[in-house]
Amino acid sequence: MRRVLILGGTAEARALAAELSGGGVHVVSSLAGRVSNPRLPVGEVRKGGFGGADGLAAWLAAERIDALVDATHPFAARMTASATEAAARTGVPLLVLRRPGWREGPGDTWRRVPSLHAAAAQLGDPVRVFLTTGRRSLPVFTGLAGVWLLARSVDPPEPPVPDNVHVLLDRGPYTVEGERALIREHRLDVLVTKDSGGPMTTAKLVAARELGLPVIMVDRPPLPTGVRLVETAAEAAAWAQG
Ligand code: NAP
């Protein structure tokens, strides 16, 4: 039976595993193992890093993998680099599945920046920030003069959490009403987000537009050159079936 490895941790990866299950393909989904209570895909799941491109290449050979789909989050650049290198080295075909990024529309006030540090450099003083870039990015934004943060993440950030940070533990999907209420309740001035794309977390962008809140949008890291790219689980499933 054809053996496919999906590098996951996203809704698209779970959708792909579901599409392929029962279709004459043996699917293994891989998770980094960082989130304490992850949403799991159907079928076989393994957890934890492979040990860089070398480790992944060895794993692909040992498990006799026929096709590799990188369906990780658009900001999981190290995993994508490893996948590209391991695929080139082993000859296992690689497909990257990435949901499209978000686009600015009428009524939006977005500023695109190339990195988290560039986002932090844009913040005024004083300012109340809605920060949704993930718990591991928090240190980039703490310690800035005059900045108060509502930091929303799935799991708690590493302690100690400074006094100017209010942590909100939550996981999407979110509603526009809920996001609007948060922005009003905490008197937020600006939203800082990564360009993750996808429907699960767009409500904050709609609420920001409605309330006239500016958005600092961190651009995605570039993909390695020459990778084969699709945007939907259905396209990836057709490719993975061979
Ligand atoms: P990253 O910086 O690219 O990855 C760091 C290391 O974690 C990789 O080198 C790899 O370790 C391991 N890893 C990452 N994804 C893995 C996977 N699917 N299976 C096995 N090992 C994996 O990635 P990250 O930003 O820490 O994201 C980690 C995971 O969370 C990803 O699977 C991603 O899809 C998911 N996620 C990330 C974000 C985000 O904003 N970055 C948001 C939602 C979900 P080795 O080098 O040892 O193989």
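Ligands are counted one by one from 1 in listed order, and the atoms in each one are counted from 1 as well.
Contacts between Ala77 and ligand 1 below 4.0 angstrom, taking non-hydrogen atoms only, involve the backbone exclusively.
Regarding atom 35 (C) of ligand 1, its nearest protein heavy-atom neighbour is Gly9 O, 3.9 Å. Closest to atom 2 (O) of ligand 1 among all protein heavy atoms lies Arg78 CB, 3.9 Å. The protein heavy-atom contact nearest to atom 10 (C) of ligand 1 is Met79 SD, 3.7 Å. Protein heavy atom nearest atom 48 (O) of ligand 1, with residue, atom name and distance: Phe50 N, 2.7 Å. Given atom 5 (C) of ligand 1, the protein heavy atom at minimum distance is Arg34 NH2, 3.6 Å. With hydrogens left out, the protein atom closest to atom 17 (C) of ligand 1 is Ala32 N, 3.5 Å, a heavy atom. In terms of protein heavy atoms, atom 43 (C) of ligand 1 is closest to His73 CD2, 3.4 Å. Counting only heavy atoms of the protein, atom 46 (O) of ligand 1 lies nearest to Gly52 N, 3.0 Å.
The heavy-atom pair separating Leu205 from Leu191 by the smallest distance is CD2-CD2, 3.9 Å. Residues Arg3 and Glu63 share a closest heavy-atom pair of NE-O, 2.7 Å. For Glu231 against Pro100, the heavy-atom pair with the smallest separation is OE1-CG, 3.5 Å. In this structure, Arg89 and Ala53 approach most closely via the heavy-atom pair NH2-CB, 3.9 Å. Contact record, Ala240 with Val4: O-CG2, 3.8 Å, taken as the closest heavy-atom pair.
Summarising the local packing, CZ of Arg111 is surrounded by 12 or fewer heavy atoms from other residues, nucleotides or ligands at distances under 6.0 Å. The 12-atom threshold is exceeded at CD of Glu177, counting heavy atoms of other residues, nucleotides or ligands nearer than 6.0 Å.
A heavy-atom distance below 4.5 Å is not found between the side chains of Val230 and Val96.
Of all atoms in ligand 1, numbered sequentially from 1 with element shown, those under 4.0 Å from a heavy atom of Gly48 are 20 (C), 21 (N). Ligand-side atoms of ligand 1 in range of Gly49: 11 (O), 21 (N), 45 (P), 47 (O), 48 (O), range being under 4.0 angstrom from any heavy atom. Near Gly8, with a cut-off below 4.0 Å to any heavy atom, the atoms of ligand 1 are 18 (N), 31 (C), 32 (O), 33 (C), 34 (O). Atoms of ligand 1 found under 4.0 Å from any heavy atom of Lys194 (numbered from 1 in listed order, with element): 39 (C), 40 (O), 41 (N).
The residues Arg112 and Asp195 are annotated as salt-bridged, a charged nitrogen and a carboxylate oxygen being separated by less than 4.0 angstrom. In this structure, Lys194 does not pair ionically with Asp219, as no charged nitrogen and carboxylate oxygen lie closer than 4.0 Å. Using a cut-off of 4.0 Å between Lys/Arg side-chain N and Asp/Glu carboxylate O, Glu179 and Arg152 are scored as salt-bridged.
At a distance under 4.0 Å, no protein heavy atom can be found next to atom 30 (O) of ligand 1.
Of the N or O atoms in Leu7, none lie within a sub-3.5 Å distance of an N or O in ligand 1. For ligand 1, none of its N or O atoms has an N or O atom of Thr10 under 3.5 Å away. Residue Thr72 has no N or O atom closer than 3.5 Å to an N or O atom of ligand 1. Residue contacts with ligand 1: Ser82 is placed with no nitrogen or oxygen under 3.5 Å of a nitrogen or oxygen of the ligand (distance criterion only). Residue Arg46 has no nitrogen or oxygen atom sitting less than 3.5 Å from a nitrogen or oxygen atom of ligand 1, judged on distance alone. At a 3.5 angstrom cut-off on N or O pairs, Arg136 counts as close to ligand 1.
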Between Met217 and Thr193, is a side-chain contact (heavy atoms from CB on, under 4.5 Å) present by the stated rule, with each step listed?
CA-CA 5 Å; Met217 181 69 67; Thr193 176; 3.8 Å; yes

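Proximity of Leu31 to ligand 1 is established by a heavy-atom distance of less than 4.0 Å.
Between atom 18 (N) of ligand 1 and the options Ser30, Gly33, Ala13, the minimum heavy-atom separation is to Ser30. The residue among Ala76, Ala71, Pro74 with a heavy atom at the shortest distance from atom 23 (O) of ligand 1 is Ala76.
The only member of Val227, Thr72, Thr10 that meets side-chain contact (heavy atoms from CB on, under 4.5 Å) when paired with Arg98 is Thr72.
Using the six-membered ring where Trp is involved, His166 and His186 have ring planes that are tilted, between 30° and 60° apart.
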